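Everything below concerns the one structure shown next.
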Amino acid sequence: MRYDLVIFDNDGVLVDSEPISNRLLAAYLTELGHPTSYEDSIRDYMGSAMHRVHDLVEERTGQRLPADFDDVFHARVFAAFERELKPVAGAVDVVEKLAADKVPYCVASSGSHERIRVGHRTTGLDRWFGDEVVFSSQDVGRGKPAPDLFLYAAERMGVTPDRCAVVEDSPLGVQAAVAAGMDVYGFTAMTPPEKLAGATRLFDDLRKLPDLLV
């Protein structure tokens with residue numbers, strides 16, 4: 001293994017949450033008078049922290065979203081997670097192999113700690129991710145595409161950026177990893193490869209990842 005730390009994005013990489021959350025986000029924004037399709041949501045918000053939703057809506061319309069927007073949205077998402085959420089195909093296999101090979105790994109997600117935890121409990125991934133290896137945009141001042149979250153995760157894990165491999169499926173996440181000075185492996189199962197053009201390598205099946213990291 002040529003890296004000392006593997007940093008996973010969470011949504012769309014470990015848990016298959018992007019279709020659920022973007023469907024609900026598009027519906028909620030439309031309900032509030034900001035017509036948004038599922039494709040719009042994927043394009044504009046996939047991989048970003050919640051503040052980006054607020055910022056873009058206000059920038060485009062001059063209107064602020066309701067004060068309870070995040071709470072209502074997350075309640076809908078968590079309820080849907082309980083019904084529908086699954087791990088991404090191959091996620092458990094990859095994490096089991098890293099653990100068996102004693103390769104350090106962690107999560108660095110734009111989602112809140114609560115969102116990460118709900119997703120991990122629902123899919124059984126909580127077995128592999130204790131609090132000490134879970135990092136959220138809540139922990140830093142700026143979410144992706146700023147590099148802050150990845151740099152924070154590396155610092156907390158005691159690894160320099162040049163020894164980190166990031167696994168990402170969103171353009172914003174790839175930008176953040178590149179800005180952090182880390183190699184980034186672009187997961188194209190849901191994202192067109194051209195959208196992740198800045199990645200070090202592209203791959204379409206999570207089960208291929210361990211061989212790519214050697």
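Note that the coordinates shown come from a computational prediction; the quantities given were computed from them, not determined experimentally. Each residue takes its place number in the sequence, starting with 1.
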Lys208 pairs by salt bridge (Lys or Arg N to Asp or Glu O under 4.0 Å) with which of Asp204, Asp211, Asp205?
-> Asp204
Taking the side chain from [X] and the backbone from [Y], do they hold a donor-acceptor pair closer than 3.5 Å?
X      : Y      : value
Thr123 : Lys86  : no
Thr188 : Pro193 : no
Thr200 : Val184 : yes
Thr122 : Gly119 : no
Asp40  : Thr36  : no
Ser136 : Gly111 : yes

Pairs involving residues 147-160, ordered by first then second residue, that meet side-chain hydrogen bond (donor to acceptor under 3.5 Å, both in side chains) (sequence neighbours left out) | Arg142-Asp148, Tyr152-Arg156, Thr160-Asp162
In the single-linkage hydrophobic clustering (I, L, V, M, F, W, Y; side-chain heavy atoms under 4.5 Å), do [X] and [Y] co-cluster?
X      : Y     : result
Val107 : Phe81 : yes
Ile42  : Val53 : no
Leu85  : Met46 : no

Test side-chain contact (heavy atoms from CB on, under 4.5 Å) on Glu168 and Tyr185 and set out the steps.
-> CA-CA 6 Å; Glu168 264 288 354; Tyr185 290 76; over 6 Å; no
Provide the closest heavy-atom pair for [X] versus [Y] in the form atom of the first, atom of the second, distance.
X      : Y      : answer
Ser110 : Ala49  : CB-N, 3.6 Å
Met182 : Ala154 : CE-CB, 3.8 Å
Ala89  : Leu206 : O-CB, 3.6 Å
Gly173 : Lys144 : CA-CD, 3.9 Å
Leu32  : Pro66  : CD1-CD, 3.9 Å
Val174 : Ala199 : CG1-N, 3.8 Å

Sub-4.5 Å side-chain heavy-atom contact between [X] and [Y]:
X      : Y      : answer
Phe129 : Leu14  : yes
Val166 : Asp9   : no
Phe150 : Pro147 : no
Leu65  : Leu29  : yes
Tyr45  : Leu172 : no
Cys106 : Val134 : no
Tyr3   : Arg163 : no
Leu98  : Trp128 : no

Begin with the C-alpha distance, continue with both residues' side-chain angles, and end with the deciding distance and a verdict on side-chain contact (heavy atoms from CB on, under 4.5 Å) for Glu18 and Met190.
-> CA-CA 9 Å; Glu18 293 291 10; Met190 187 173 165; 3.7 Å; yes
If I take atom [atom1] from residue [X] and atom [atom2] from residue [Y], how far apart are they, to the nearest 0.5 angstrom?
X      : Y      : atom1 : atom2 : value
Leu196 : Ser170 : CG    : OG    : 7.5 Å
Ile116 : Asp126 : CD1   : CG    : 13.0 Å
Leu149 : Phe135 : CG    : CZ    : 9.0 Å
Gln138 : Glu114 : CD    : CD    : 8.5 Å
Glu96  : Asp101 : CD    : CG    : 11.5 Å
Arg43  : Tyr38  : CZ    : OH    : 13.5 Å

Would you please test Tyr105 and Val95 for side-chain contact (heavy atoms from CB on, under 4.5 Å) and show each step?
-> CA-CA 8 Å; Tyr105 61 87; Val95 176; 3.6 Å; yes
Tell me yes or no: between the side chains of [X] and [Y], is some donor less than 3.5 Å from an acceptor?
X      : Y      : answer
Asp131 : His113 : no
Asp11  : Ser17  : yes
Asn10  : Ser109 : no

Salt-bridge test for Arg76 and Glu31: reply yes if a basic N is under 4.0 Å from a carboxylate O, no otherwise.
-> yes
Considering residues, nucleotides and ligands other than Arg127, do more than 12 of their heavy atoms fall under 6.0 Å from its CZ?
-> no
Given the rule in the side-chain contact (heavy atoms from CB on, under 4.5 Å) test, do Asp183 and Cys164 qualify, once you have shown the distances and angles that lead to the verdict?
-> CA-CA 7 Å; Asp183 284 355; Cys164 296; over 6 Å; no
Name all residues meeting the ring pair (Phe, Tyr, Trp, His ring centres under 6.0 Å) criterion together with Phe78; count only those two or more places apart in sequence or in a different chain, and write none if there are none.
-> His74
After noting the C-alpha distance and the side-chain angles of Glu84 and Arg23, does the key distance pass the salt bridge (charged side-chain N to carboxylate O under 4.0 Å, His left out) rule?
-> CA-CA 13 Å; Glu84 305 175 43; Arg23 183 186 78 226; 3.1 Å; yes
Among Arg52, Arg64, His34, which one satisfies side-chain contact (heavy atoms from CB on, under 4.5 Å) with Val57?
-> His34
